Amino acid sequence: MRSGGGQLVRALLSRFAFGIVSLLFISIITFVASDLAPGDPATYIAGEKASPETIQRIRESLGLDKPLPVRYVNYIGGIVKGDWGESYSGTHEKVSAILGRTMPMTLRLALLAIMLASVVGISMGTIAAIRETKLLDRGILSASTFGVTLPNFVLAPILTFIFCIKFDILPTTWETQLRGPLWMYLALPVTVLSLRPMSLLTRLTRASMIETLRQEFIRTATAQGVPSFRLMTKYALRNAILPVVTAIGTTFGFLLTGSFVVERYFSYPGIGSTTIEAILSNNVPVIQACVLVTGFIFIVVNLIVDILLPILDPRIREGQV
Amino acid sequence: MPVKMRAFGLLVIGAISIVLVGCGSGSGSGGGGGFSSRGTEGKAGVFRYPLPTNPTSLDPGKVQDGDTIDVCQQVFEGLVKWGEDNTVQPNLAERWDIQDGGKTYVFHLKKGVKFHNGRELKAADVKWCWERVGTRAYGSSTAETYMADIVGVKEKLAGKSPEITGAKVIDDYTFQVTIDKPRPYFLGKLTYACAYVYAKEALPDGMKDMATVEQMVGTGPYKFEKFTPEEIVILAANKDYHGGAPALEKIERPVIKDAQSRLNKFKTGEIDLVALERADLPAIDKDATLKAQLKFFDRPSMYYVGLNTDVVPALKDRRVRQAIGMAIDRDKIVNDILGGINRRADSILPPSVLGFRENTNYLKFDIAKAKALLAEAGFPDGKGFPAVQFSYRDGRPDVELVAQAVQQQLKQNLGIEFQSRKVEWGAYLKEHNSRKLPAFHMRWAADYLDAENFLSQLLASYGNENKVNYKNAEFDKLCSEADGILDEAKRKELYGKAEDIVLQDAPFIPIYFQKDAELISARVSGLRESAFGHLPHTKTAVK
């Protein structure tokens with residue numbers, strides 16, 4: 001047991017080191033890619049009629065006239081010191097300030113969505129598995145198929161029409177000065193964002209549970225008279241949940257970085273909507289930071305899943321799997 | 001094992017508590033009606049309309065896009081401004097004398113104009129702001145376009161002069177500007193944001209962009225109250241405004257990036273004005289309530305097809321260019337392809353620009369005549385006509401639609417091949433500036449409302465923006481004479497003659513003039529318009 005723990009720590013440390021290397025790699029790729037991409041930021045900022053002289057002046061004022069390696073070293077040096085640079089647009093806000101205000105917003109949305117998706121998804125999946133091939137199972141399965149295929153940009157307008165325009169009980173967009181309790185502003189974005197992961201988790205839990213329920217030990221437990229609720233939760237679900245936990249982890253990563261459609265539609269000032277605007281306006285420092293943070297989130301989420309799995313399954317912890 | 005379960009449970013509880021932090025905030029003042037009417041009681045006097053993106057810059061020295069300029073012009077002002085009749089009107093300067101045959105302008109500043117911090121504006125403030133914008137290190141993208149006529153600006157921008165020699169403070173209320181040669185349209189350029197005046201004491205570092213509302217101190221009818229990036233800009237009325245206190249209390253500009261969400265907010269009455277996308281219009285047309293609030297505005301922007309007169313041999317022939325002009329069905333493009341919002345362009349000069357004429361000798365759509373001209377030029381039914389590269393910029397859906405329509409019409413009507421080619425904006429600009437693109441579809445939007453900004457700059461052989469290598473001695477002569485005289489009637493006459501020449505020479509095929517569509521709530525009154533958009537909200541009121 002102890003040596004197993006040591007192995008785990010070593011494994012995690014190496015994962016961590018690998019993560020740092022990945023981030024460095026990501027930073028080089030984004031840096032070089034944004035340099036190679038046609039049309040530099042100065043051209044974009046200079047506007048439709050700018051003369052070559054104006055573009056050159058802007059390039060100088062942004063420090064883009066320095067060679068690429070120099071800019072890269074300065075950039076990484078800055079990040080190490082906590083300086084992510086400044087946005088090219090707006091009031092030239094510090095990138096760290098942009099991350100600081102947008103990340104918690106997105107984190108809140110993604111956490112609520114993944115929690116809603118997990119609770120509903122695992123419950124529905126379990127119920128469907130218990131009632132396999134019955135009408136209830138068919139119903140849940142169809143609903144989840146629908147949920148997987150319905151895109152956010154279709155669902156959001158439908159819900160907005162019903163709840164904001166027709167019945168006028170929820171706000172259409174996020175507002176700086178809230179005119180109602182916070183949950184009202186989060187209800188629609190969270191629901192829309194959680195639908196797809198909820199459906200995926202339902203299907204995954206169902207499949208995993210069905211497989212588990214067919215196993216020997218469940219039949220034995222049933223034969224020994226273990227009460228059925230206890231059987232389902234303590235024995236079956238406990239065993240069926242491993243792939244689901246991994247899926248929750250990766251899905252959460254995608255929610256954190258893939259919520260831009262929802263954020264944009266509901267004017268929710270999170271990192272997704274900021275990233276899209278940065279890409280559209282060639283705002284390189286913000287794009288770079290967003291890509292790095294995205295990479296970081298994926299690495300951390302995977303790390304957390306790696307830590308959680310052995311806690312849930314002793315076989316992994318003891319190196320048997 | 002239970003220990004592990006508890007650890008997992010704690011993690012979940014931790015996550016929930018993170019999420020719920022701050023959930024207690026929110027006032028929740030229930031209004032009489034639905035959610036949308038919450039908090040609007042007593043909000044008459046607040047004008048709300050959205051910004052489609054985060055403000056691109058709140059510094060007058062750098063701002064460029066119309067939406068953000070609309071924010072800045074409420075707060076900052078220049079010596080002169082556009083009026084509702086699209087002519088230049090006094091603002092910080094109450095009058096001016098034009099001397100030296102049109103090369104020197106002596107501005108007499110209005111006395112008692114106060115910045116939002118209470119200090120009186122003096123001529124030295126104008127000088128300081130202009131010097132700032134002219135500094136190379138500051139990196140203004142607009143100073144060259146709008147201010148380079150002033151003696152010394154080019155030198156200062158190039159880093160060769162410490163001062164703009166042509167801008168002089170005579171005394172506290174007199175400011176003298178010398179320009180390189182007589183330019184009757186010069187005052188139009190001075191209306192632009194880069195020539196606005198602000199309080200220097202509010203800026204800790206003049207070479208840095210304005211970053212906080214405390215640094216944005218102007219003289220305009222509104223002052224900055226709050227700016228939350230990517231969320232909202234709030235302006236409060238300046239009760240001491242030198243032009244009289246505005247009727248509104250506040251202007252709120254929430255950032256709403258999604259077009260459909262903007263429209264939804266208008267439908268629920270939470271915003272009072274919204275600019276429309278073309279795709280929204282058919283639905284609005286079917287809704288009587290919305291249709292009653294729909295308004296169209298002419299903009300001084302011309303979309304055209306440029307035919308380079310000096311790259312492809314076939315296009316050097318005037319008859320070929322005329323044939324192309326006659327073979328493009330612009331009515332079809334404007335009405336069927338672009339949904340009938342815009343206005344067919346029968347001239348180079350758009351409405352509202354000095355020199356615009358309703359009736360010109362433009363090339364009318366006439367396939368038979370076009371074919372005859374093409375045959376005369378040696379390409380009967382398009383036979384032997386070389387394929388021509390036809391470029392347009394990426395990222396503008398309407399530009400792409402029109403370019404494809406032109407390609408298809410020329411193929412169908414004349415049997416000639418225009419190979420359309422979409423180019424990323426930065427790369428496009430480079431090629432465009434090289435004057436080597438054989439044919440292209442492009443837009444020209446007015447910098448100021450004068451024929452010189454279109455005819456002389458785009459088509460005279462001495463024009464900076466002549467990317468089609470068009471050269472006609474008579475046209476040049478007419479334009480250069482009109483560019484330098486002050487007699488407005490004479491100028492219009494000369495530009496009219498010049499425009500007739502160029503329309504027949506056809507280096508440019510004007511396709512349409514841009515129109516914008518907006519929904520404006522019946523609650524709003526007193527909006528003042530110019531060709532460039534809504535003027536500052538000095539008279540606007542919201543019931």
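In what follows, chains are A, B, ... by sequence order, proteins preceding strands, each numbered from 1. A quick note: this is a predicted structure, and the numbers were derived from the prediction, not measured.
Salt bridge B:Asp209/B:Lys62: present, at least one basic N to carboxylate O contact under 4.0 Å. B:Glu144 and A:Arg57 are joined by a salt bridge, as a carboxylate oxygen and a charged side-chain nitrogen come within less than 4.0 angstrom of each other. The pair B:Glu431-B:Arg393 fails the salt-bridge criterion, with no side-chain N (NZ, NE, NH1 or NH2) lying under 4.0 Å from an Asp/Glu carboxylate O. With respect to the salt-bridge test (charged N to carboxylate O, under 4.0 angstrom), the residues B:Lys257 and B:Glu230 qualify. The pair B:Glu252-B:Lys250 does not count as a salt bridge, with every side-chain nitrogen at least 4.0 angstrom from each carboxylate oxygen.
Taking the centre and axis of the six-membered ring of B:Tyr49, the NZ or CZ atom of B:Lys265 falls outside the cone set by 45° and 6.0 Å.
Heavy atoms closer than 4.5 Å to chain A are found in the side chain of B:Gln64, but not in its backbone. Both the backbone and the side chain of B:Asn54 come within contact range of chain A, with heavy atoms under 4.5 Å apart. For B:Tyr428, no part lies near chain A; criterion is any non-hydrogen pair under 4.5 Å. When heavy atoms are compared at a cutoff of 4.5 Å, A:Thr160 approaches chain B solely by way of its side chain, counted from C-beta outward. Contact annotation for B:Thr53: both backbone and side-chain heavy atoms come within less than 4.5 Å of a heavy atom of chain A. In this structure, the portion of B:Ser140 lying under 4.5 Å from any heavy atom of chain A is its backbone and not its side chain. Contacts between B:Lys430 and chain A at a heavy-atom distance below 4.5 Å are absent for every atom of the residue. Interface remark: B:Asn264 contributes backbone and side-chain atoms alike to the contact with chain A (heavy atom separation under 4.5 Å). Only the backbone of B:Ala137 comes within contact range of chain A, with heavy atoms under 4.5 Å apart. Within the 4.5 angstrom heavy-atom criterion, only side-chain atoms of B:Leu429, from C-beta onward, approach chain A. Residue contact with chain A, scored on non-hydrogen atoms closer than 4.5 Å, involves the side chain of B:Glu465 exclusively. Proximity to chain B is limited to the side chain of A:Gln177, based on heavy atoms less than 4.5 angstrom apart. Using a 4.5 Å cut-off between heavy atoms, A:Arg101 touches chain B through its side chain atoms alone. When heavy atoms are compared at a cutoff of 4.5 Å, B:Pro254 does not approach chain A at all.
Under a 3.5 Å cut-off, the side chain of B:Glu424 and the backbone N or O of B:Ala427 do form a donor-acceptor pair. Although no hydrogens or angles enter the test, the distance criterion places no donor-acceptor pair under 3.5 Å between the side chain of A:Thr106 and the main chain of A:Met103. Under a 3.5 Å cut-off, the side chain of A:Ser194 and the backbone N or O of A:Ile114 do not form any donor-acceptor pair. A distance-only check finds a donor-acceptor pair linking the side chain of B:Arg262 to the backbone of B:Ile256 [under 3.5 Å].
The two residues B:Asp67 and B:Pro52 come nearest to each other via the heavy atoms OD2-CG, 3.4 Å.
Highest contact tally toward chain A, considering only B:Thr145, B:Thr142, B:Asp447, B:Thr268, is held by B:Asp447 [criterion: heavy-atom pairs under 4.5 Å]. With respect to chain B, the highest number of heavy-atom pairs below 4.5 Å among A:Ser51, A:Ala42, A:Cys164, A:Ser118 belongs to A:Ser51. When the candidates B:Ala445, B:Gly395, B:Ala143 are compared by the number of heavy-atom contacts under 4.5 Å with chain A, B:Ala445 comes out ahead. The candidate from A:Ile55, A:Ile58, A:Thr274, A:Leu62 with the greatest count of non-hydrogen atom pairs under 4.5 Å with chain B is A:Thr274. Among B:Met210, B:Gln215, B:Lys267, B:Gln260, the residue with the largest count of heavy-atom pairs under 4.5 Å with chain A is B:Gln260. Considering only heavy-atom pairs separated by less than 4.5 Å from chain B, the leading option among A:Ala156, A:Ser281, A:Ser267, A:Pro104 is A:Ser267. Counting heavy-atom pairs under 4.5 Å between each of A:Ile276, A:Thr172, A:Leu109, A:Ile45 and chain B puts A:Thr172 at the top. Note on A:Ser89, A:Ala46, A:Pro269, A:Pro171: by heavy-atom pairs under 4.5 Å with chain B, the leading option is A:Pro171.
Within a 6.0 Å radius of CG in B:Asn464, no more than 12 heavy atoms belonging to other residues, nucleotides or ligands are found. Atom CZ of A:Phe153 is surrounded by 12 or fewer heavy atoms from other residues, nucleotides or ligands within 6.0 Å.
By a heavy-atom distance cut of under 4.5 Å, B:Leu157 are the residues of residues 153-160 of chain B near chain A, going up by number.
Between A:Trp174 and A:Phe266, the ring center distance fails the sub-6.0 Å criterion. Between B:Phe35 and A:Tyr185, the gap from one ring centroid to the other is short of 6.0 Å. Taking the six-membered ring where the residue is Trp, the centroids of B:Phe440 and B:His432 are separated by under 6.0 Å.
No side-chain donor-acceptor contact under 3.5 Å links A:Ser87 and A:Glu93.
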